[in-house]
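Structure record follows, encoded as C-alpha cells.
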Amino acid sequence: MMKKAIIGMALIMSALVFSCGIGLKGRADTGKHEFYKAKTKEYQYYVRDGIVEIEKYIGKKKKVIVPEKIEGKRVVSIRNCFYRTSVSSVTVPDSISAMNSRAFYNCKKLKKVKLSKKITTIPSGAFMGCTSLTEVSMSSSVSEIEDKAFWNCGALTSVGDLTLKKVGWSAFENCKKLKGTITFDSSIEEIPSGCFCNCKKLSFRFPDKDLTVYDLAFAGCRNTKRYISPNVNAGAYAGCTNIDTVVVKDDNVIEENGVYYSKDRKTLVYVRPDYQGKLDFLKQVDTIGAYAFSGFRQKKVKIPDTIREIQEGAFYGALCKSVTWNKNVKDMANYMFKESALEKVVIPKGVKTIGLEALWNMPKCVSVSLPASVRSWADYEAEFTGVLEGFPALKKVTVASGNPHLESKKGLLFSKTNRLLCYPAGRKAKTYKIPKNITVGIHAFSNVKNLKVTFRFGSGIQGCFINCKNVRIVLPRSGISIGNMQGEDMPPFENSTKCYALVKKNSYVHKKFKKMVKRGYTSEFAYKVV
C-alpha cells in the first residue's frame with residue numbers, strides 16, 4: 001500500500017508540474033503570467049507577460065539598431081544592455097519607453113546614440129564614462145536627467161536643447177564640449193551639487209523664481225550669471241571667469257564698485273572676475289570668504305598681514321599667475337587653489353594643514369614648495385584622492401628638511417613611510433624604475449605622458465595612473481599587489497589612452513590578468529605578453 005501511495009503521489013505531482021507549464025528556457029506560465037529568460041545571437045532578454053526587456057547585447061556588430069520585436073513580441077525596455085560593450089553607435093526604436101541605470105555605462109568606443117521618443121528620463125549613470133560619446137539624439141520631451149547620467153562624457157557636443165523639470169547631482173559634470181541651451185522649467189526647485197560643473201559651452205535659462213543652488217553646480221561655466229543668496233552655495237559658480245552680472249538677494253551683503261562685503265565689512269564675500277581696480281580693499285577686511293576670488297582675472301594678488309583667515313575655495317579657478325601669502329594664515333582651506341592658473345606654489349613657513357583638493361588640477365603650475373611646518377594634508381590621508389593630482393606641467397616638488405611626514409627626492413614627492421606620492425608629469429625622463437621597498441600612492445602618476453615605468457617585487461599597483469597617455473608599465477612575475485580590478489581598462493589606467501602593462505608569459509601576473517579578462521574586469525588590450 002505504501003509503495004502504491006508513493007507512486008500515486010508522484011503521478012499527481014507530475015501532472016501538477018505539467019499543468020503549470022514549466023518547460024524549456026525556464027518558462028513558467030500559470031495562465032495569468034508569463035516569465036522566462038532566453039537569448040538570440042545578439043541579445044539576452046526576458047519575456048514578461050508578452051513583452052520583452054533586453055538584458056544584454058552579446059552581438060559583435062559595432063553599429064547596432066535595437067529591434068522593435070523579438071519572438072514577435074514588442075521590446076519595451078533596455079536594461080544594462082550595452083554595459084561595457086565596444087559598440088560605436090546605437091539606435092533605440094520608438095517602441096522602447098524605458099532604459100535602466102547604466103544602460104550604456106563605460107562604453108569607451110560609443111560615439112552616437114539615437115534614443116526613442118518615448119524615453120523621457122535619462123536614468124542615473126546611463127552614459128557615465130562614455131569618453132568617446134559625441135552626440136545623443138533625444139526627444140525634447142526629456143525632462144529629467146538623473147545623477148551622473150552623463151558624468152565624464154568629455155567628448156559630448158550635443159544632446160539638443162532641453163527643458164528640465166529635474167536634474168541630478170553631477171548629471172553633466174565634465175562635459176566640457178557640450179553646446180546648447182538648458183532651460184529650467186518653472187516647476188524646478190533646486191540645482192544639485194556638481195550638476196553642470198565644467199560645462200564651459202552650455203547656456204542656461206532660469207525661471208523667474210528663487211532656486212536652491214548647491215556647491216559647484218555651475219562651476220567653470222562661462223555663460224551664466226552669479227547669484228548671491230542664502231539659498232545659493234558660495235561655490236555654486238566656482239571658477240566662472242566670465243560673469244559680468246551679479247544678482248544679490250541677501251540683505252547681509254553690500255556692494256561697492258564690483259566688490260561685495262558682509263554687512264559688518266569684516267569678510268570679503270566676492271570680487272567680480274572683471275574687476276580691474278587696486279586691491280586696497282583687502283586691508284579693510286580680516287577674512288577672505290569662501291570662493292571670494294573664484295574666477296578672478298588679475299594676474300597677481302598679494303594678501304596683506306591684516307588677513308587672518310582664508311576660507312574654502314577662495315581662489316578656485318582664478319586666473320592669477322601668482323598669489324603671495326601673508327604670515328598669519330596657518331591653514332590652507334579645502335579647494336583653495338583648485339583649477340587655478342598659478343604657475344608656482346610656495347607655501348610659507350608656519351602653514352600647518354593643507355585641505356582636501358586645495359592643490360588640484362592646476363595645469364600651469366611647474367613647481368610646488370612645501371615647508372617643514374605642514375603636519376596634515378587631506379589628500380595624503382584620503383583613500384581615493386591623489387596628492388598634487390592634475391598637474392601636467394609640474395617639474396619638481398621640494399620639501400623643507402624637518403617635515404615629519406613628507407620628503408622630496410630628485411623632485412619627486414615621497415612619504416616617510418616609503419610611498420611615492422607624486423611623480424611630476426612635466427619631467428622629461430622617458431623611463432623610471434620604482435625604487436626598492438617603495439609602494440605607489442593613489443594617482444601618483446597623474447597626467448604623465450610618454451613614460452616607461454618598471455615595478456619591482458612588493459610594489460602596489462592599484463590606481464596609480466590617471467589621465468595618462470602612452471605609458472607602459474613593466475610588471476614582475478609575481479609579488480605585486482594588483483588589487484581588486486574594476487573597469488573597462490585595467491586599473492591603474494583610469495581615463496588614459498595608449499597605456500598598457502607588459503607581463504611575462506605564464507607568470508602569476510599573466511594568469512591573474514587572463515582571469516580578469518575572462519570575468520570582464522579588464523580588457524584583453526590592457527596588457528601585452530613578453
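Remember, predicted model here, so these are calculated numbers, not experimental data. Heavy-atom basis, side chains included; hydrogens, waters and symmetry copies ignored.
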Side chains of N450 and N470, donor plus acceptor under 3.5 Å: yes

Heavy-atom check, side chain of T385 versus side chain of W360, under 4.5 Å: yes

Within-4.5 Å side-chain heavy-atom neighbours: E312 and N334: yes

D264, CG: over 12 other non-hydrogen atoms inside 6.0 angstrom: yes

Heavy-atom donor-acceptor pair, K176 side chain to K200 backbone, under 3.5 Å: no

Verdict with supporting geometry, S376 and E381, side chain to side chain donor-acceptor pair (under 3.5 Å): CA-CA 8 Å; S376 174; E381 295 154 8; 3.1 Å; yes

Whether S294 side chain and G317 backbone form a donor-acceptor pair below 3.5 Å: no

Pairing residues for R226 by the salt bridge (Lys or Arg N to Asp or Glu O under 4.0 Å) criterion, not counting sequence neighbours: none

Counterpart residues, ring pair (Phe, Tyr, Trp, His ring centres under 6.0 Å), relative to Y275 (two or more places apart): F281

By ring pair (Phe, Tyr, Trp, His ring centres under 6.0 Å) - contacts of Y432 (at least two apart): Y423

Atom NZ of K364: over 12 foreign heavy atoms under 6.0 Å: no

Quiz item: cation-pi between K409 and F414, 6.0 Å / 45°: yes

Flag side-chain contact, heavy atom, 4.5 Å: L110 against V90: yes

Gap between atom NZ of K352 and atom OG of S373 - 0.5 Å precision: 8.5 Å

A290 backbone acceptor or donor facing Q311 side chain under 3.5 Å: yes

Shortest non-hydrogen contact between L412 and R427, atoms and distance: CD1-NH1, 3.3 Å

S88 side chain vs K109 backbone, donor-acceptor pair below 3.5 Å: no

Minimal non-hydrogen separation, K416 against N403, with atom names: NZ-O, 2.7 Å

Full working for side chain to side chain donor-acceptor pair (under 3.5 Å) between S193 and D215: CA-CA 5 Å; S193 300; D215 59 305; 2.7 Å; yes

Closest heavy-atom pair and its distance - V285, L268: CG1-N, 4.1 Å

Aromatic ring pairing F445/F455, orientation class (parallel under 30°, perpendicular over 60°, tilted between): tilted

Exercise: do T212 and N231 side chains pair donor with acceptor under 3.5 Å: no

Partners meeting side-chain hydrogen bond (donor to acceptor under 3.5 Å, both in side chains) with T324 (sequence neighbours left out): none

Under 3.5 Å donor-acceptor, N326 side chain and P304 backbone: yes

Side-chain heavy-atom pair E256, Y261 within 4.5 angstrom cut-off: yes

Step-by-step side-chain contact (heavy atoms from CB on, under 4.5 Å) determination, T120 to S141: CA-CA 6 Å; T120 59; S141 61; 3.8 Å; yes

Donor-acceptor pair between D185 and T163 side chains, under 3.5 angstrom: no

Greater than 12 external heavy atoms within 6.0 Å of K344's NZ: no

Any side-chain donor near an acceptor of the partner, N447 and N467, under 3.5 Å: no

Neighbour count above 12 (heavy atom, 6.0 Å) for R205 CZ: no

K302 side chain reached by L279 side chain, heavy atoms, under 4.5 Å: no

Any donor-acceptor N/O pair, E146 side chain to S124 backbone, under 3.5 Å: yes

Flag side-chain contact, heavy atom, 4.5 Å: L156 against E135: no

Closest non-hydrogen atom pair between C107 and R84, with its separation: SG-N, 4.1 Å

Heavy-atom closest contact (P192 atom, A217 atom, distance): O-CB, 3.4 Å

Those residues that, when tested against F296, pass ring pair (Phe, Tyr, Trp, His ring centres under 6.0 Å) (two or more places apart): F293

Polar contact flag, side-chain donor to acceptor under 3.5 angstrom, N100-N80: no

Heavy-atom closest pair, residues L282 and V301: CD1-CG1, 4.5 Å

Atom CG of D305: over 12 foreign heavy atoms under 6.0 Å: yes

Side chain proximity check, T497 to K469, heavy atoms < 4.5 angstrom: yes

Within 6.0 angstrom of K278 NZ, more than 12 heavy atoms from elsewhere: no

Main-chain N/O of N328 paired to R308 side chain as donor or acceptor, under 3.5 Å: no

Parallel, tilted or perpendicular: rings of F218 and F196 (30°, 60°): parallel

Aromatic plane relationship, F465 with F493 - under 30° parallel, 30 to 60° tilted, over 60° perpendicular: tilted

Gap separating the CD atom of E189 from the CG atom of L211, nearest 0.5 angstrom: 7.5 Å

Residue list, side-chain hydrogen bond (donor to acceptor under 3.5 Å, both in side chains) with T224, at least two apart or on another chain: none

Side-chain donor or acceptor of D379 paired with backbone N/O of E357 under 3.5 Å: yes

Option among F104, Y105, F127 that satisfies the ring-ring contact (aromatic ring centres under 6.0 Å, His included) test with F150: F127

Short side-chain to backbone donor-acceptor contact, T241 and G295, under 3.5 Å: no

Approximate separation, where rounding is to 0.5 Å, of Q298 CD and D274 CG: 10.5 Å

S415 backbone acceptor or donor facing H405 side chain under 3.5 Å: no

